[in-house]
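These notes are about the structure you will find just below.
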There are 2 protein chains.
Amino acid sequence: MGRATMEDVALRAGVSRSLVSLVMRDSPRVSSARRAAVVAAATELGYRPHALARQLASRDSTVLGVLVSDLHNQFFADLVDGVDQAAHEQGFSLLLQTGQRRVAREEQVIDTLLSFSPAGLILLGPVVATRVMAGAARQSPVVAVTRSCRHPDIDTVTDDSEAGARLAVAHLAGLGHRRIAHLDGGNGAQAALRRRGYRAAMAEFGLPPLIVRSEYTEKGGVLGARALLGHAPATTALFCANDLNAVGAIAELEDSGMQVPAHMSVVGYDNTALAALRHVSLTTVHQPRHEMGRLAVQLLLERIRGNRETVARLQLEPSLVVRETTARPRHTASSTPSLETEVPA
Amino acid sequence: MGRATMEDVALRAGVSRSLVSLVMRDSPRVSSARRAAVVAAATELGYRPHALARQLASRDSTVLGVLVSDLHNQFFADLVDGVDQAAHEQGFSLLLQTGQRRVAREEQVIDTLLSFSPAGLILLGPVVATRVMAGAARQSPVVAVTRSCRHPDIDTVTDDSEAGARLAVAHLAGLGHRRIAHLDGGNGAQAALRRRGYRAAMAEFGLPPLIVRSEYTEKGGVLGARALLGHAPATTALFCANDLNAVGAIAELEDSGMQVPAHMSVVGYDNTALAALRHVSLTTVHQPRHEMGRLAVQLLLERIRGNRETVARLQLEPSLVVRETTARPRHTASSTPSLETEVPA
DNA sequence: TCCAAACAATAGAGCGCTCTAACGGCGGCA
DNA sequence: TGCCGCCGTTAGAGCGCTCTATTGTTTGGA
């Protein structure tokens, strides 16, 4: 397998190794004659620069370390995709490992990633302690995505989940709903913010909040909806922790003979491909995850290239995507005329 | 950021660099006294071996290059997850890039991955020409997943898609269906095999085949179902290219007033998380993708460790997962009694 | 005609590690 | 007592590249 080295190319082209190096790096100060000779020799030998050796010698890396919480979750897969595309455009490669939502494993992964001295580190939905991230930040720039964190050395990219929750509540209230419950995301990332946004929005509309403990999974949605039907059967609308949770809730509602949206309106969060499926057609809050991945890379590059020293905390605006799981409540015509003026079309 | 080197540790521990190297590699022939001193010095300095330098010097890599076709597709995300777990267990890291289903990009990605001289290359659903894979195989062991390929240097992991197609048809025929159509996967990986399996199985049951050109996407399912309803409205069962395709088909069927499975039974392929959603509850053919990812790593390690010289072509047996989108046809009771004997329960 | 400046090319010292060969010191054996 | 072999340790030569400093070689201006 012994691949050709720079030395081989130099020998064949009748020049020094240094000259080959210059050609490989597209230096302008090489005569076109020599350049041609080197290029010819290189292609003849099938030469390809050795990335590791290059990075060792030049001590700047073209690798970005990526820790992703969980690839089973479509949301993170999309984030990785955004990261990959942006990195690819800038000539970077990804060294990727999954953390499986376990703290110990994440710590180990961060350690491994750092041992490659990457140009930067991107943490997608990390659950590890801020202290650990800060430790990593002393070796290499770090960006955390979907995880707010106040450390001055760690850039973050998140969506404004409070605003997102408000969008959902406002939409439902605008349709005339008054009993709007929230199946929350438990201890998951951003769950606290969505809860807070929900509470604030409900207060704003003068409605009583009702939060059911749940989590970011389909099963969580099933159980949450079941609990809700038991405790508060009069509820007419549901704001779910995320799309997966919403789909679970819908399944449970339908199993108990209710129709969505006729008997219950449901809103999800994330606007994953799942929500967009015609068979599901879920009204949801859009989080621009592809864009978030791209931005994470951009922030990293700013640090790598020394264009920025101060911390960056990007918060993207979510938007509402109305599909077919939300509608006016059925029997509340008498209580909603005042709101109708706000909903022209 | 200047991190500690082996030299620093050696100096601090009062030993040679070579000795530190031995300790870092857990060599047995180091006195426990010196070992302790080195370990102490290393932790004090926060020393971490430099993976790149190590690989350059020892010329064996702990990195596996991974080309993944498309992370948006849950199927591939799951494959990557399996690969990641197996690799992690064996102390390998993944260098990952996506090919976006484009040949040119895949070629470029393979080139980039090789420039890191990885221990091996895993191609998940590649669309690139066999010739290119063979070229890569001269630099490093290569395993292709979900892509059969006859080259003697390229190991493969696939499912037996012909058998999978047969499972689907046998299930539907067993329920009493006679007009079973297939929305195919076009030029996609394994699509030709599923077509062939479908044809063979239909022939086996003495049924007339009907193949509608489609693709591995939701939209393909929508369009395919529409075309089917136009051309062959008497069809009572549908075997779809994959789950995504099936979900699209179901949406279209429901939009045209049909009920699944009352008016049309639908079977998918892959058994992705999507199919398992209670709201979808799709009968489908299970492909053990997590396992396939693990096996890919295992094959690579066999080559890397020199335990095998001959080509390996693993073909996994798919299995049928019956859920709620398949049932007996409605009005064909008179034509099916002969089949009922085959379906005891 | 001469020298400075500009340009092309190269030598050689690393980058942080591994690994072979060799070293010194010790105990065991004749 | 002398020699051999073993063990723990180390020197030093790379791995394939980058990059600074330096050497030649032209060119242009005075």
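Every chain is numbered from 1, with letters handed out A, B, ... down the list of sequences.
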In whole angstroms, the gap separating C1' of D/dG16 from CG of A/Leu45 amounts to 15 Å
Where the side chain of B/Ser18 is defined as all heavy atoms beyond and including C-beta, which of D/dC17, D/dT10, C/dT10 is the nearest nucleotide?
D/dT10
Heavy atoms from C-beta onward define the side chain here; which of C/dA8, D/dA13, D/dT9 lies closest to that of A/Arg29?
C/dA8
Check ion pair A/Arg289-A/Asp270 (N to O, under 4.0 angstrom)
no
Rounded off to whole Å, could you give me the NE2-to-C1' distance for the A/His50 and D/dC15 pair?
8 Å
Specify the residue among B/Leu22 and A/Gln55 whose closest nucleotide of DNA chain D lies further upstream toward the 5′ end.
B/Leu22
Distance, rounded to the nearest Å, where B/Leu56 contributes CG and D/dT18 contributes P
12 Å
Nearest non-hydrogen partners of B/Phe76 and B/Ser69, listed with the distance:
CE1-OG, 3.8 Å
Which nucleotide, D/dT18, C/dG16, C/dT10, lies nearest any side-chain atom of B/Ala57?
C/dG16
Is any NZ, NE, NH1 or NH2 atom of the basic residue among A/Asp153 and A/Arg138 found under 4.0 Å from an Asp or Glu carboxylate oxygen of the other?
no
B/Leu11 has an atom CG; how far is it from atom C1' of D/dT10, in whole Å?
15 Å
Rounded to the Å, how far apart are B/Met6 CE and C/dC19 P?
11 Å
Starting at CZ of B/Arg17 and ending at C1' of D/dC15, how long is that distance when rounded to a whole Å?
13 Å
Distance, rounded to the nearest Å, where B/Arg59 contributes CZ and C/dC19 contributes C1'
8 Å
Looking at B/Ser21, does any N or O in its side chain come under 4.0 Å of the phosphate oxygens OP1/OP2 on C/dC17?
no
d(CG, B/Leu19; P, C/dC17) in whole Å:
15 Å
Consider the side chain of A/Val30, meaning its heavy atoms from C-beta on, and name the nucleotide among D/dC17, C/dC17, C/dA9 that approaches it most closely.
C/dA9
Steps toward side chain to side chain contact (heavy atoms under 4.5 Å, CB included) verdict (B/Val38, B/Leu19):
CA-CA 8 Å; B/Val38 168; B/Leu19 213 241; 4.1 Å; yes
Which sits closer to the 5' end of DNA chain D, A/Ala53 or B/Ser16, going by the nucleotide each is nearest to?
B/Ser16
Below 4.0 angstrom, N of the basic side chain to O of the carboxylate: do A/Arg303 and A/Glu309 qualify?
no
Go through D/dT9, C/dT10, D/dT18 for me and flag the one nearest to the A/Ser58 side chain.
D/dT18
Side-chain contact check for A/Arg25: nearest option of C/dC17, C/dA8, D/dT18 is D/dT18
